[in-house]
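Comments concern the structure below.
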Amino acid sequence: TICVRSRHLRDVEIGSVKRNHSIVKCDTQFQGRDVSHAGLLDYLTLAALAVAASVSLAWATSGRGVGVSPDSTVYLHAASSLAQGQGLNAYSRQGQPIPLTHYPPLLPVVLGLMSLCGLDSLEAARWLDVLAYGASALLLGMLLYRATRNRWAALCGQALWLSSLA
């Protein structure tokens, strides 16, 4: 059911107090389509594109893996340290474990928890990246669709975003 709040106010008398209330008009039809199915196909199309993007990223990173930077090594070592029960530790230049104080702890914690499921930290980072990539694509497409109610605008915006990261 779609309910549209009108800008016109009407006076409603409640007891002895007179108040202004906006008029609410409800209808089960919206632009000639049944509201319960409006946009479902559009959302499924956006979800299919997001899943395809995730699968393509998983395939692209399966051979060579994800790119690793100096910051990434700190996160990966901290995740491994946490998974081994040694706390959130990074390594100094001499190879000594030191507490992770300079970097945010959420990523190593998530990677450490994923490592407890049997993945090593690098593989956990790869799958977390694949999930985040697909979720971002889906959320962007849904946001664009809700803002415009235009399937093509949402698909084009989602495709542009996906191609800009390649």
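Numbering starts at 1 and runs along the sequence shown. Bear in mind the structure is a predicted one, so any value in this text is a computation, not a measurement.
Residue pairs meeting the ring pair (Phe, Tyr, Trp, His ring centres under 6.0 Å) criterion with at least one member in residues 98-129, sequence neighbours excluded: Tyr75-Tyr103.
When every heavy atom of Leu46 is checked against every heavy atom of Gly141, the shortest pair comes out as CD1-O, 3.3 Å. Across every non-hydrogen atom of Pro108 and Leu82, the tightest pair is O-CD2, 4.0 Å.
Hydrophobic clustering keeps Val55 apart from Tyr133 (ILVMFWY residues linked when any side-chain heavy atoms are closer than 4.5 Å, directly or through intermediates). Connection of Val74 to Leu106 is established within a shared hydrophobic cluster, with ILVMFWY side chains joined at heavy-atom distances below 4.5 Å, either directly or through further cluster members. Cluster membership for Leu100 and Leu116, using ILVMFWY side-chain heavy atoms within less than 4.5 angstrom, is shared. Leu122 and Leu113 fall within the same hydrophobic cluster, where Ile, Leu, Val, Met, Phe, Trp and Tyr residues are linked whenever their side-chain heavy atoms come under 4.5 Å apart, directly or through other members. Connection of Trp152 to Tyr43 is established within a shared hydrophobic cluster, with ILVMFWY side chains joined at heavy-atom distances below 4.5 Å, either directly or through further cluster members.
Residues Leu88 and Val109 form a side-chain contact, since some pair of their non-hydrogen atoms from C-beta on lies under 4.5 Å apart. Between Gln96 and Tyr91 there is no side-chain heavy-atom pair separated by less than 4.5 Å.
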Dump the intermediate steps for side-chain contact (heavy atoms from CB on, under 4.5 Å) on Ser115 and Gln84, then the final yes or no. CA-CA 9 Å; Ser115 294; Gln84 294 169 1; over 6 Å; no
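Taking CG from Leu128 and CE from Met114, the interatomic distance works out to 5.5 Å, rounded to the nearest 0.5 Å. Taking CZ of Arg149 as the reference point, atom CG of Asp42 lies at 8.5 Å (rounded to 0.5 Å). Note: Glu123 CD to Ser62 OG = 9.5 Å, rounded to the nearest 0.5 Å.
By the side-chain hydrogen bond (donor to acceptor under 3.5 Å, both in side chains) test, Ser69 pairs with Ser72, sequence neighbours left out. Applying the side chain to side chain contact (heavy atoms under 4.5 Å, CB included) criterion to Leu49, with sequence neighbours excluded, gives Leu155, Gln158, Leu162.
Each of Leu111, Leu107, Asp71 was scored for a side-chain contact (heavy atoms from CB on, under 4.5 Å) with Leu76, with one residue passing: Leu111.
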